[in-house]
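No hydrogens, no waters, no symmetry mates; every other heavy atom, side chains included, goes into these values.
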Amino acid sequence: MTMQALSGLKVVEWCEFISGPYCGKLLADLGAEVIKIERPGLGDKARSHGPFPQDIPHPEKSGTFLYLNTNKLGVTLNVRSTTGAEIFKQLVKQADILVENNPPREVEELGFNYESLKKLNPRLVMTSITPFGQTGPYRDYKSCDLISFHVSGMAYINPSCGVDDIEQKPPLRGSENQSGLVAGLSGAIATMSAIFASHATGLGQHVDISEQEALANVMRITLGTYALEDVAWTRYRPVPLSEIYHCNDGLVYMVLDQDKTWLSWVEAMGNPEWAMSELFQDQVSRRENRDAGKMLIEEWTKEHTVDEVVRAAEARRIPCKAVNTVKESFSSELLADRGYFVEVDHTAAGKFQYPGAPCKLSLTPWRVERPAPLLGQHNEDVFCGRLGYTRQDLVTMRAQGAI
Amino acid sequence: MQQLPLEGIRIVDFTAVWAGPHVTQWMAVMGAEVIKIESNLRPDMTRSFFSNVNTNLTMSAEYSGLNCGKKACTLNMTLPKARELVKELIKVSDIVTENFGGSVMDRWELGYSDLKKIKPDIIMYSGSGFGRTGPYKEFPAYAGIVEAFGGLCSLNGYPGGEPLPMATFGYADITSAEHGAFAILAALHHRSKTGEGQYVDLSMTEVVSCLLYEQIMDYTMNDRVQGLQGNWNSTMAPHSCYRCQGDDEWVAIAVSNDEEWKAFCYTIGNPEWTMDERFRDGLNRLKNQEELDRLIEEWTKNHTHYEVMEVLQKAGVMAGPTLKVAEVVQDRHLGERGFFIDVGHPDVGTVRFPRLPWRLSEGPQGNYEQPPRLGEHNDYVFAELLHLSKEEMARLQEEQVIF
Amino acid sequence: MSTQALSGLKVVEWSEFVSGPYCGKLLADLGAEVIKVEKPGSGDKSRSYGPFPQKIPHPEKSGLFLYLNTNKLGVTLNVKSTTGAEIFKGLIKQADILIENKPPREVEELGFDYQSLKNLNPGLVMTSITPFGQAGPYRDYKSCDLISFHMSGMAFINPSDGVDDIENKAPLRGATLQADLVAGLNGAIATMSAIFARQITGLGQQVDLSEQEALASFMRRELGVVTVEGIGWTRLKGTQPGMASDIYQCSDGRIYLICFHDRTWEPWIEFMGNPDWATSELFADMASRRENWDAAKAMIEEWTKEHSVDEIVRTAEAMRIPCKPVNTAKEIVESELLEARDYFANVDHKQAGKVKFPGAPYKLSETPWRVEHPAPLLGEHNEKVYCDRLGYTKQDLVRMRAGEVI
């Protein structure tokens, strides 16, 4: 079996739902060994979240759980029980990385804060992913995807255009789940960074990820512009000529931010007179008069199909694509050609197509070695195989509620 | 002396604009030596992207926010001699990054198979809109286009409304860049164990699909295409954005269980309507959420957004203000956490930028040195690294190779 | 499909572990429709309890759960959530019987006490099985099988024989789980009694079952003797003093033998080869044998130790002397006698596979006991019950799952 990029790295994942598990997934999918701890009974909240095949809720068939937990080993553990806490510490002792996304106060109360775990395992990289980070006045505040998106500043400048009378509408969270994913992603990068640091020092450290900051970072240019130029983007489109246009059978997204592409497109539309006006003679004036420009372009696109518009634009190397639903992107030739979607066979859930690799590595490719674990699937492998407990111990621990 | 995690790693960086430089920004902050390859003929476009078109600054916020801590040299890559020099540079480097809108590197004979010949363990990263294989490999990447194609726009909008482009052009850029940074670190990790490099091919469209796993799984499991949810959630109510006191001020509130609902009602003074059958239990609250939102806004509009957050958080309910750009910079939590740092700027001395969204408990926090001017490190690159003499350098500058 | 004895009766079972579920099982196995309500996630505690095949804990393969919950429909429900409470009341409205074994205080706090539920459904029979009942100073005390057994008085007079120097040993709880099973059993009888009462009055009622009392009832005789004659049996040997009902060691096991009656003593002595000691005056008649039984037992055991269980039992049975081997579970499962009675049930369970367990202790000629379907998977009948009976949609169920209501 070929080695994978992160083979040899041992990770304990004490997380649930999205942010922590996505960090764990990124590591697991490239070969790190990730032992995912779930509480007995309900397991990871994601198991209750869906989507479910035929809308029948089932803890082993949640699309959210199945996607976010590929390639991990799964154990049940009640870390609040004394026996469970012992086992947790043993797992942490053997690990390179601990990823957790629990409220900081809870982590402290359980005695699993970095200062304590560091004594058990000085090499440990502990990555904590929380809504507001490990410090600061909001540290213990409760949050979720919606809140993170709004407190990061992203919601206020979303959408970037397309709505008349935007002030009558509330600021907009984007598609669901993005906050957790971005936080988990930041966590994965920072974790690897700490791993590299430990190569030099032999010691681990605590990585502190705040979901609010992870999203605010997506807007770093916006924040920088405010800092440097004193220009604060508000709820008006700052992006010139990057628009959604109506066609007669759907919508397209087209970018006409360069003289070259603007002129090409004008030509594609048959050189209408209005385009010769002073109002559209250069980038600056086109920005100023964007509403008019959009309306006029749309008069043309409304007479054509999405397909026609996209082909006309692409032939002139103008960036333009249909505004797809996930159904259309899923069925696209483009993604099929790349072999992007993968079929995963899961003992309980069955076979489904999942999104695949976020990027392709030539030597150590992304792959699904094993699907998401059943609840407690690897209890024996991990607790007996690695920590030396007997099967009888496990039976007792189950009855006592420790696993 | 404590060092940064990637100290000693050298990156030859052909990336420009947003997505690419964001990848190498992470690398530079972590201590890698990133050498931007630009040219007077083709500087990184963002250097002159100003929101405030009348500014007299020599370096834009956009450029500064993405290029802290990097070095920059000029090479006119249209000339064969320049490509020779770049090869020499690559021989003493670890990673090559690019995000051209097409197979430019191949045409320059600097594709992965070429580079492998001069440095067998080289890691090469290519970021693109649609991947470096397939019929769209020559198309440039635009975040909006990729978001439209990937289905993100179809999930960003108000219920009953239309798909809308997402905030701060670049959501797909940043998330792709971050996945790219992670993949590079994984490849580096693999190299540190085995001595083997590899090629990393990142497609932004594929990243978007990874982020839309829930909607994709719902489609592959149930043949269902999810629509626009605005600020709503499929299981929680109340869960939305509400107008507050002041001009265009808003707050986000989410209630996830009965306990929180009780606390919420208590906090807003247990008005009669909360006892109405329509709102007494979770399922009914979901069904009647439009009316619920309207009633809640009757309360929020009499308070500022920060007030609402403080009073609800105290009661254990999730709430957070929708921050405007200026408010993000002024937020006291981010302030106390030191999310903003001073970065050098040639014209204004220093400017406040957000750091990258992680803290490490040990060692220096990152390299946020002033972003480089065009060609600022020519001497370092050509004289020190490539051992060219003063005369050779002068000659090459005359010939417009170093240009 | 032929009607079963209790077909038509609709039961909601809101209970876990042994006492409540055994009551529910008794009703379900004879045809009542029993909807078992389990909490989401880990479900009934007995799912964590085992025994498990190959000792691998699995919530769908716990022997205890599988046995106690045959023939029931299973749903998940968090009755502490407001939506869950609504659903619970919806189920109650449609039921004849509610079986619950929750702490009385919890039931009250949730608003599910009998007075409240009676308003929803006047015909409801609510059977509440608890360690100490619904009233009294111990009402809210915590308990378990061990405590119940000891507080019922049974432990003090257990064992009845076989230990030298009994006063240096602690009083003894019997085999595990017995207390809970007895409570459930009593609950089932009382429930049926209330159902009959309802046929006359049209109204339901609460059945208040205390485990302590259910076990104490086993000692009706002992309790009668102490109240009427003032004699309290202590830790003396025998279920009544001098009963001479014993366990004897054989060469390859043990037997339980009763041989002191006039009718059985003679043949038994003959079987032992008419030893000299047996002709002593000490053993001349029943009364004297009782008085001197310790000596007799010691002598008998010297002989049984030299013979096999099989030999002794076969011969004794042929002579109609009460005698059987002291079996373990293994021998019971392999017993020809039980096989001939078709006693064991063989069930094929979706996850646990083929399982064999005890059937019914009775046979009804017209409406026999049978396993219509094995114990339910966790939440197996959510859709059937909530959508078909209560009118929720599948989408509602998805939302309720995410909200941890089901």
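- Both the backbone and the side chain of A:Gln168 come within contact range of chain B, each with at least one heavy atom under 4.5 Å from a heavy atom of that chain.
- Within the 4.5 Å cutoff, no side-chain heavy atoms of B:Arg191 are placed close to those of B:Gln198.
- Chain A forms more heavy-atom pairs under 4.5 Å with one residue of B:Thr220, B:Val207, B:Asn231 than with any other, namely B:Asn231.
- Between the side chains of B:Glu62 and B:Trp18, at least one donor-acceptor pair of N or O atoms lies under 3.5 Å.
- Only the backbone of A:Ser143 comes within contact range of chain B, with heavy atoms under 4.5 Å apart.
- Interface residue A:Leu172: backbone and side-chain heavy atoms are both found under 4.5 Å from chain B.
- For chain B, the nearby parts of A:Tyr138 are the backbone and the side chain; heavy atoms of each come within less than 4.5 Å.
- With respect to the salt-bridge test (charged N to carboxylate O, under 4.0 angstrom), the residues A:Asp208 and B:Arg337 qualify.
- In this structure a side-chain-to-backbone donor-acceptor pair under 3.5 Å is present from A:Ser331 to A:Lys327.
- Looking at B:Glu138, the atoms closer than 4.5 Å to chain A (heavy atoms on both sides) sit in the backbone and in the side chain alike.
- Residue B:Ser126: no heavy atom, backbone or side chain, is found under 4.5 Å from chain A.
- Heavy atoms of A:Ile129 lying under 4.5 Å from chain B are absent altogether.
- If you measure heavy-atom distances from A:Leu26 to chain B, the contacts under 4.5 Å come from both the backbone and the side chain.
- When each of A:Gly224, A:Pro51, A:Gly31 is scored by its heavy-atom pairs under 4.5 Å with chain B, the top score falls to A:Pro51.
- For B:Met124, no part sits under 4.5 Å from any heavy atom of chain A, backbone or side chain.
- Residue B:Val351 touches chain A through its side chain alone, counting heavy-atom pairs closer than 4.5 Å.
- Contacts with chain A were tallied for B:Thr322, B:Leu312, B:Val325; B:Thr322 has the most, counting heavy-atom pairs under 4.5 Å.
- Among A:Trp366, A:Phe52, A:Tyr114, the residue with the largest count of heavy-atom pairs under 4.5 Å with chain B is A:Phe52.
- Put simply, of A:Pro319, A:Pro171, A:Pro131, A:Gly153, the one with the most heavy-atom pairs under 4.5 Å next to chain B is A:Pro171.
- Within the 4.5 angstrom heavy-atom criterion, only side-chain atoms of B:Phe353, from C-beta onward, approach chain A.
- Among pairs with a residue in residues 214-224 of chain A, none fulfils salt bridge (charged side-chain N to carboxylate O under 4.0 Å, His left out), at least two apart in sequence or across chains.
- No other option in A:Asp55, A:Ile209, A:Leu251 has as many heavy-atom pairs under 4.5 Å with chain B as A:Asp55.
- In this structure, the portion of A:Met254 lying under 4.5 Å from any heavy atom of chain B is its backbone and not its side chain.
- Panel note: side chain A:Ser152, backbone A:Phe149; a donor-acceptor pair is recorded below 3.5 Å.
- The parts of B:Tyr213 that come within reach of chain A are both its backbone and its side chain, each placing non-hydrogen atoms under 4.5 angstrom from that chain.
- Contact annotation for A:Asp230: neither backbone nor side-chain heavy atoms come within less than 4.5 Å of a heavy atom of chain B.
- Here the two rings, on B:His179 and B:Phe182, have centers that are 6.0 Å apart or farther.
- Within the 4.5 angstrom heavy-atom criterion, atoms from both the backbone and the side chain of A:Leu6 approach chain B.
- Using a 4.5 Å cut-off between heavy atoms, A:Val231 touches chain B through its side chain atoms alone.
- With chain B as the partner, the residue from A:Leu203, A:Leu68, A:Asp145 showing the most heavy-atom pairs under 4.5 Å is A:Leu68.
- B:Ser256 meets the side chain to side chain contact (heavy atoms under 4.5 Å, CB included) test with B:Met236, B:Glu260, B:Met318; sequence neighbours excluded.
- Highest contact tally toward chain A, considering only B:Glu310, B:Met59, B:His305, B:Arg132, is held by B:Glu310 [criterion: heavy-atom pairs under 4.5 Å].
- Donor-acceptor pairing under 3.5 Å is recorded for the side chains of B:His22 and B:Trp26.
- Note on A:Leu66, A:Val252, A:Leu30, A:Val326: by heavy-atom pairs under 4.5 Å with chain B, the leading option is A:Val326.
- The parts of B:Asn233 that come within reach of chain A are both its backbone and its side chain, each placing non-hydrogen atoms under 4.5 angstrom from that chain.
- Among the candidates B:Leu212, B:Ile216, B:Ile174, B:Asp201, the residue making the largest number of heavy-atom pairs closer than 4.5 Å to chain A is B:Asp201.
- Aromatic ring orientation, A:Phe132 versus A:Tyr141: perpendicular (interplanar angle above 60°, classes split at 30° and 60°).
- Interface remark: A:Lys118 contributes side-chain atoms only to the contact with chain B (heavy atom separation under 4.5 Å).
- For chain B, the nearby part of A:Ala322 is the backbone; its heavy atoms alone come within less than 4.5 Å.
- Contact of B:Glu206 with chain A is made through backbone and side chain together, with heavy-atom distances under 4.5 Å.
- Proximity to chain A is limited to the side chain of B:Tyr136, based on heavy atoms less than 4.5 angstrom apart.
- Contacts of B:Tyr125 with chain A are absent, with no heavy-atom separation under 4.5 Å from either backbone or side chain.
- Residue contact with chain B, scored on non-hydrogen atoms closer than 4.5 Å, involves the backbone and the side chain of A:Lys169 alike.
- For A:Gln212, the part lying under 4.5 angstrom from a heavy atom of chain B is the side chain only.
- The side-chain heavy atoms of A:Tyr226 and B:Val328, taken from C-beta on, include no pair separated by under 4.5 Å.
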Point to revise | Derivation of the ring pair (Phe, Tyr, Trp, His ring centres under 6.0 Å) call for A:Phe330 and A:Phe341 | key: CA-CA 8 Å; A:Phe330 177 77; A:Phe341 289 97; 4.6 Å; yes
